[in-house]
Amino acid sequence: MIPKIILGKGARATRRLIGYLYGPGSANEHADPHLVASWNGFAPDPGRSPHRNPRDVEDQLAAQLDQPVKMLGDKAPETTVWHCPVRAAPEDPILTDAQWADIARRIVAAAGIAPEGDEEACRWVAVRHADDHIHIAATLVRQDSRRPRRDHDIRAVQREARKIETDLGLRRLNPGDGTAAKRPTSKEHFKAKRQGQDTTTREILRTRVRRAMAAASTETEFFALLEATGVAVRPKTGPSGDVLGYSVALPGDLNKHGELVWFSGSTLAGDLSLPKVRHRLTATAPEPASVRPADPWHQATAATERIPHHLTHGDDPIAQGQLVALGEALDLLPLTAPAAVRSELERAAALFERATRSRITADLDSTRALRRSVQTILRTPAATRDGAGLAMLLDAALIAVAFARHWHRAHQHAQQEAAAQQTLVHLQTVYAQVAVPVLDDLARRTPGIQTKQRYARHLQQTVPEHADRILKDPAWDALTTTLADAETAGHNPATLLDQALGQRTLDDARSPARALTWRVHRLGQRHAPSPLAQAAMARSTTRLPATPVRPPAATPTAVQQPQVRRR
């Protein structure tokens, strides 16, 4: 059950709302509009007055609702109308008028509009003009001329809606924590539909602003990137000339006066206000590079692989910062991905955006590596190469998102947990499309039977508990090719296998050979061969040691891990 509070102001705000509720509807047809409840139980009902002109009854109803407001004259508040549509889920049973009446009374009581037993409360009515929802209309002056106490009415109404769902056996929605970005209004949805758009202007702008913030290193670059993506930008300056904020608009998105419709950054999302953007850019400013830059895909993958450790071992601010960084990475990935998977990646990023928000203040200090590496990928398209980099990063992102879901569950962040779960579905779809061609190409170059047998013997000696699964895995041929390529480059394949096996358990891997392929691929390219390894390149064959020394596991996970079924 979804309640949504809308405030109205103006001399005829109440009359306009009543006219809409009893009218034909601007998007969905209004069928049999009628009152199901009111403040006094006998308010005039334009839908049930067959012997009177409906317009006259609408005027009468609006006048009675407005009476306490008119009594105040010039002292009346600017905002006078409280409008709350309450909609049931599509799979819910059709409720009776009596049930909707009870729902309306519970909602206005929870909101502070009309507390139970308060005879001097605000005047209100509940109108039903469809099977699945009602509209509650109230005026914001009590009958004793005081203002209603409706502090935090949005949260209070949402809490009451969750109780109603339980009491009536309706679909139960996840409770929120007030951190979600503002949703598009019904008018915005209808406007997008009229213009033939699948997405509202608000959502398009939010996505572009988030991408610009993720890709920028400075405030100047942030605004330049916005303009480069076709966004009109209007800075807000103070008397000193300093920029205090900004608004954005889409060219061609006009109001009824033919003017651009502007959205401030803070109305798109709380973390997109200019002060928050500045903080993000300052906190994650790149540090001076002290070594030769490595492959950015490998750096991004390594940083993403560390996220589960931060979520299970770090404090909450660090964990929240990692989720913010992962969200930024997902925002930018569609810009670097093949066209065939961009829309699916965009859906994953849009869903995970909800999982990046909570009431925990993010510590962004540890997010520089991931942010910088993804920015480098974006600025060097040639680094994309054959798709292996994207496949590796997606492999790590899937694990990170699964740990994010587990972290939110532990913190009772129901909406964020659900968003992470939905993100996994889309990422798994993308991963399958990206990884399969790369793995097929590797499998076609599989080495000879003797080389494969050497690798198999090492697995059987080192990880007997997983060896059988790995050898029967369809990705085994791709793994052997990756090991052979690394061996040709001068690496010891036994050492690489040991390092890959020690990075993380294979217990929850649906395809352990596939997981090892990406780990070995990255390890084989990330580490430069030592002089001893370079000498080995001249040999025609390289024998695996009979008793290899296994290095300690990299960042073992000491706490219980979420059970994640991966590729």
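Residues take their numbers from the sequence shown, with the count starting at 1. Every value quoted in this text rests on a predicted model; they were computed, and no experiment measured them. As a basis for the values below, the full set of heavy atoms in this structure was taken, side chains included, without hydrogen atoms, waters or symmetry mates.
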What I'd like to find out is whether the side chain of [X] reaches to under 4.5 Å of the side chain of [Y], using heavy atoms alone.
X	Y	answer
Thr14	Val69	no
Pro33	Leu21	no
Leu439	Trp518	yes
Arg354	Gln422	no
Leu394	Leu333	yes
Leu281	Thr218	no
Asp316	Trp407	yes
Phe403	Leu326	no

Side chain [X], main chain [Y], donor-acceptor under 3.5 Å:
X	Y	answer
Arg87	Ile2	no
Gln320	Thr361	no
Gln415	Asn174	yes
His257	Asn255	no
Asp92	Arg171	yes
Thr267	Phe263	no
Arg372	Gln375	no
Arg371	Ala325	no
Arg159	Ala161	no
Ser358	Ile360	yes

Spacing of [X] atom [atom1] and [Y] atom [atom2] [to the nearest 0.5 Å]:
X	Y	atom1	atom2	result
Arg172	Met1	CZ	CE	13.0 Å
Ile307	Thr312	CD1	OG1	11.5 Å
Ile103	Leu95	CD1	CG	5.0 Å
Leu65	Leu17	CG	CG	9.0 Å
Leu173	Glu165	CG	CD	4.5 Å
Leu311	Leu323	CG	CG	5.5 Å

Looking only at non-hydrogen atoms, find the nearest pair between [X] and [Y] and report the distance.
X	Y	result
Ala101	Val36	CB-O, 3.2 Å
Ile136	Ala104	CD1-CA, 3.8 Å
Leu250	Gly230	CD2-O, 4.2 Å
Ala192	Thr199	CB-O, 3.8 Å
Ile94	Arg128	CG2-NH2, 3.6 Å
Pro275	Leu244	CD-O, 4.5 Å

Would you find more than 12 non-hydrogen atoms of other residues, nucleotides or ligands less than 6.0 Å from [X] atom [atom1]?
X	atom1	result
Gln412	CD	no
Arg149	CZ	no
Asp315	CG	yes

Closer than 4.0 angstrom, basic N to acidic O: yes or no for [X] and [Y]?
X	Y	result
Glu58	Arg15	yes
Lys182	Glu188	no
Glu221	Arg379	yes
Asp271	Arg280	yes
Lys191	Asp253	yes
Asp167	Arg106	yes

May I have the step-by-step check of side-chain contact (heavy atoms from CB on, under 4.5 Å) for Glu219 and Tyr246, ending in yes or no? CA-CA 12 Å; Glu219 184 178 331; Tyr246 71 99; over 6 Å; no

Just do the ring-ring contact (aromatic ring centres under 6.0 Å, His included) check on His30 and Tyr20 with the steps written out, would you? CA-CA 9 Å; His30 294 177; Tyr20 166 73; 5.0 Å; yes

What donor-acceptor contacts under 3.5 angstrom involve side-chain atoms of residues 345-353, with partners at least two apart or in another chain?
residue : atom : partner : partner atom : Å
Glu346  : OE2  : Arg211  : NH2          : 3.3
Arg347  : NH2  : Glu344  : OE1          : 2.6
Glu353  : OE2  : Arg357  : NE           : 2.6
Glu353  : OE2  : Arg357  : NH2          : 2.5

Specify whether His133 and His129 have parallel, tilted or perpendicular ring planes, treating 30° as the upper limit for parallel and 60° as the lower limit for perpendicular. perpendicular

side-chain contact (heavy atoms from CB on, under 4.5 Å) assessment of Leu330 paired with Leu427: CA-CA 10 Å; Leu330 293 178; Leu427 285 183; 4.2 Å; yes

Just by distance, with hydrogens left out, do Ser366 and Gln322 show a side-chain donor and acceptor under 3.5 Å apart?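 Judged by distance alone, the side chains do pair up.
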
Under a plain distance cut-off of 3.5 Å, with no hydrogens placed, do Thr229 and Arg208 share a side-chain donor-acceptor pair?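 No - no donor-acceptor pair under 3.5 Å links their side chains.
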
Going through the checks in order, is the side-chain contact (heavy atoms from CB on, under 4.5 Å) test met by Thr423 and Arg405? CA-CA 10 Å; Thr423 303; Arg405 178 188 60 184; over 6 Å; no

Before you tell me yes or no, could you show the steps for Val86 and Val157 under side-chain contact (heavy atoms from CB on, under 4.5 Å), namely the whole-Å CA-CA distance, both residues' side-chain angles and the distance that decides it to 0.1 Å? CA-CA 10 Å; Val86 185; Val157 165; over 6 Å; no

Among residues two or more places apart or on two chains, list those pairs meeting side chain to side chain donor-acceptor pair (under 3.5 Å) that have a residue in residues 77-86.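 Counting only pairs at least two positions apart or across chains, the side chain to side chain donor-acceptor pair (under 3.5 Å) contacts touching residues 77-86 are Lys9-Glu78, Trp82-Asp153, His83-His135.
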
If the test is side chain to side chain donor-acceptor pair (under 3.5 Å), which one of Gln299, His298, Glu305 qualifies with Arg522? Glu305

